[in-house]
Amino acid sequence: MNRIADPTFEELRRVKEEIQCFVAEVFYPASEHVKNYFINICKKVVLLKYLVRQHPSDYRYRAMLSDLCYLLNSIERGELRYYYLNVRSIIEQSMRIVADVEDTSTITNFELMEKVEVVKENVSHVRVVNIDIIHDEYRKACLYVHGNSNANMELAEYYINTFREPKNIEGLETKLNQLVLLLKSILSLMIISNSELADAAFHRRKSILRYLINDDAIVDYIISRDS
């Protein structure tokens, strides 16, 4: 990279430093391998911050950003149910964005996913986005939220288990790997289906977008539409 020619170099450096410092401070006990997952997830938090800054009046983007921050907090606190609640909400809001469905509109999840499939087919010449992981993770989240085995506990045991005892999420590394793949898929769809917003949010900042989304095909698509 030509540092002199790239006017966003300092901004990109600050973004990288912000993410690294956050992960080092909040998730310091984690291994370096697990921290890399958190860095990847935090990139998507920052990406959403840029989109929200460009379109602050859209509740769906603000809700996604909030849900993703709460999801990180649920991981830190070892709260598996809230982890899945936030995953479910992130998927629902992102699919409304992709399908251009307002947050106040009433629509079934089946109808929403059908609309997303249509969008995906329309952009399939640009790249193949993994829709299966969106279906799988949404189904998994719904099953956990509605069928939590903790519901069989006595009231006192349930309360203590939920609020008082710090826990580690079992199989966290596997969940983080799936979460990274999920976020990559839904944000790729969001950027492709809302390319004008993404282009405006990252105007003269394509190197930052490339770092945050970590997908050259997506960035090249945005650039090609702008040229």
Side-chain angles (χ1 to χ4, degrees), residues 19 22-23 26-27 37-105 107-117 119-120 129-146 148 169 171-194 197-198 201 209 212-215 218:
I19 291 172
F22 174 82
V23 172
V26 177
F27 298 104
Y37 285 124
F38 286 122
I39 288 172
N40 200 308
I41 295 165
C42 287
K43 288 181 183 181
K44 306 309 181 286
V45 175
V46 175
L47 192 156
L48 282 168
K49 285 175 64 180
Y50 275 93
L51 296 179
V52 169
R53 185 172 64 186
Q54 184 63 32
H55 199 358
S57 62
D58 195 320
Y59 171 81
R60 299 167 300 179
Y61 289 95
R62 300 199 316 271
M64 270 194 73
L65 177 57
S66 175
D67 288 337
L68 190 48
C69 289
Y70 274 107
L71 187 149
L72 284 169
N73 183 251
S74 68
I75 294 172
E76 183 189 6
R77 296 168 65 88
E79 297 172 338
L80 186 56
R81 186 170 189 272
Y82 288 103
Y83 170 89
Y84 279 120
L85 276 170
N86 286 300
V87 166
R88 186 178 68 174
S89 182
I90 288 168
I91 293 174
E92 289 173 349
Q93 294 297 341
S94 66
M95 294 304 97
R96 283 178 176 269
I97 292 170
V98 171
D100 195 23
V101 176
E102 294 296 326
D103 62 279
T104 55
S105 299
I107 186 173
T108 67
N109 292 325
F110 179 77
E111 292 171 332
L112 188 58
M113 288 298 184
E114 280 193 326
K115 287 179 177 290
V116 170
E117 287 288 351
V119 173
K120 189 249 183 181
V129 179
N130 184 359
I131 294 289
D132 290 340
I133 192 170
I134 300 174
H135 288 290
D136 292 344
E137 292 302 303
Y138 187 75
R139 187 182 306 112
K140 192 185 302 180
C142 289
L143 284 173
Y144 187 88
V145 170
H146 296 302
N148 193 349
I169 294 178
L172 177 61
E173 194 167 327
T174 299
K175 288 179 174 61
L176 290 176
N177 181 62
Q178 290 299 104
L179 180 60
V180 167
L181 295 175
L182 172 67
L183 292 174
K184 184 180 180 67
S185 292
I186 61 179
L187 283 164
S188 295
L189 276 174
M190 283 170 55
I191 289 174
I192 290 172
S193 59
N194 296 272
L197 174 63
L209 176 59
L212 297 176
I213 195 66
N214 194 29
D215 192 321
I218 298 296

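With a 4.5 Å cut-off on side-chain heavy atoms, Ile91 and Arg88 do not count as touching. At a threshold of 4.5 Å between non-hydrogen side-chain atoms, the residues Ile75 and Phe38 count as touching. Looking only at side-chain heavy atoms (C-beta outward), Asp136 and Gln178 stay at 4.5 Å or farther from each other. Taking the side chain as every heavy atom from C-beta outward, Leu209 and Ile191 approach each other to under 4.5 Å. Side-chain contact between Lys140 and Val87: absent, with no pair of heavy atoms (C-beta onward) separated by less than 4.5 Å. You'll find the side chain of Val52 stays beyond 4.5 Å of the side chain of Lys49, heavy atoms only. At a threshold of 4.5 Å between non-hydrogen side-chain atoms, the residues Leu179 and Leu71 count as touching.
From Asn73, atom CG reaches atom CG of Asn86 across 9.0 Å, with rounding to the nearest 0.5 Å. Considering CG of Leu72 and OH of Tyr83, their distance stands at 10.0 Å, rounded to 0.5 Å. Here CE of Met190 is found 6.0 Å from CG of Leu51. Values are rounded to the nearest 0.5 Å. Distance check: Leu189 CG to Asn194 CG gives 10.5 Å after rounding to the nearest 0.5 Å. The OG atom of Ser188 lies 4.5 Å from the CD1 atom of Ile213; values are rounded to the nearest 0.5 Å. Note that CZ of Arg77 is 9.5 Å distant from OH of Tyr82, once rounded to the nearest 0.5 Å.
Taking Thr108 as the reference, Glu111 meet the side chain to side chain donor-acceptor pair (under 3.5 Å) condition, with sequence neighbours excluded. Under the ring-ring contact (aromatic ring centres under 6.0 Å, His included) criterion, Tyr84 pairs with Tyr144, not counting sequence neighbours. Qualifying salt bridge (charged side-chain N to carboxylate O under 4.0 Å, His left out) partners for Arg60, counting only residues two or more places apart in sequence or in other chains: Asp58.
Under a 3.5 Å cut-off, the side chain of Asn177 and the backbone N or O of Glu173 do not form any donor-acceptor pair. In this structure, the side chain of Lys184 does not engage the main chain of Asn130 through any donor-acceptor pair within 3.5 Å.
The minimum heavy-atom distance linking Pro56 with Arg62 is given by the pair O-NH1, 2.9 Å. Taking all atoms of both residues into account, the shortest heavy-atom contact from Ile169 to Ser74 is CD1-O, 4.0 Å. Of all the heavy atoms in Leu197 and His55, the pair that sits closest is CD1-CB, 3.8 Å.
Among residues at least two apart or in separate chains, there is no salt bridge (Lys or Arg N to Asp or Glu O under 4.0 Å) pair with a member in residues 94-105.
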N/O donor to acceptor pairs below 3.5 angstrom from side-chain atoms of residues 63-70, sequence neighbours left out:
{"from": "Asp67", "atom 1": "OD2", "to": "Ser89", "atom 2": "OG", "distance (Å)": "2.5"}

Distance-only criterion, 3.5 Å: show the donor-acceptor pairs between side-chain atoms of residues 39-47 and protein atoms not counting sequence neighbours.
{"from": "Asn40", "atom 1": "OD1", "to": "Lys44", "atom 2": "NZ", "distance (Å)": "2.9"}
{"from": "Lys44", "atom 1": "NZ", "to": "Asn40", "atom 2": "O", "distance (Å)": "3.4"}
{"from": "Lys44", "atom 1": "NZ", "to": "Leu212", "atom 2": "O", "distance (Å)": "3.1"}

Subject >> Ile134/Met95 under side chain to side chain contact (heavy atoms under 4.5 Å, CB included): CA gap, chis, key distance, verdict >> reply: CA-CA 9 Å; Ile134 300 174; Met95 294 304 97; 4.0 Å; yes
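No side-chain donor from either of Tyr59 and Gln93 sits under 3.5 Å from a side-chain acceptor of the other.
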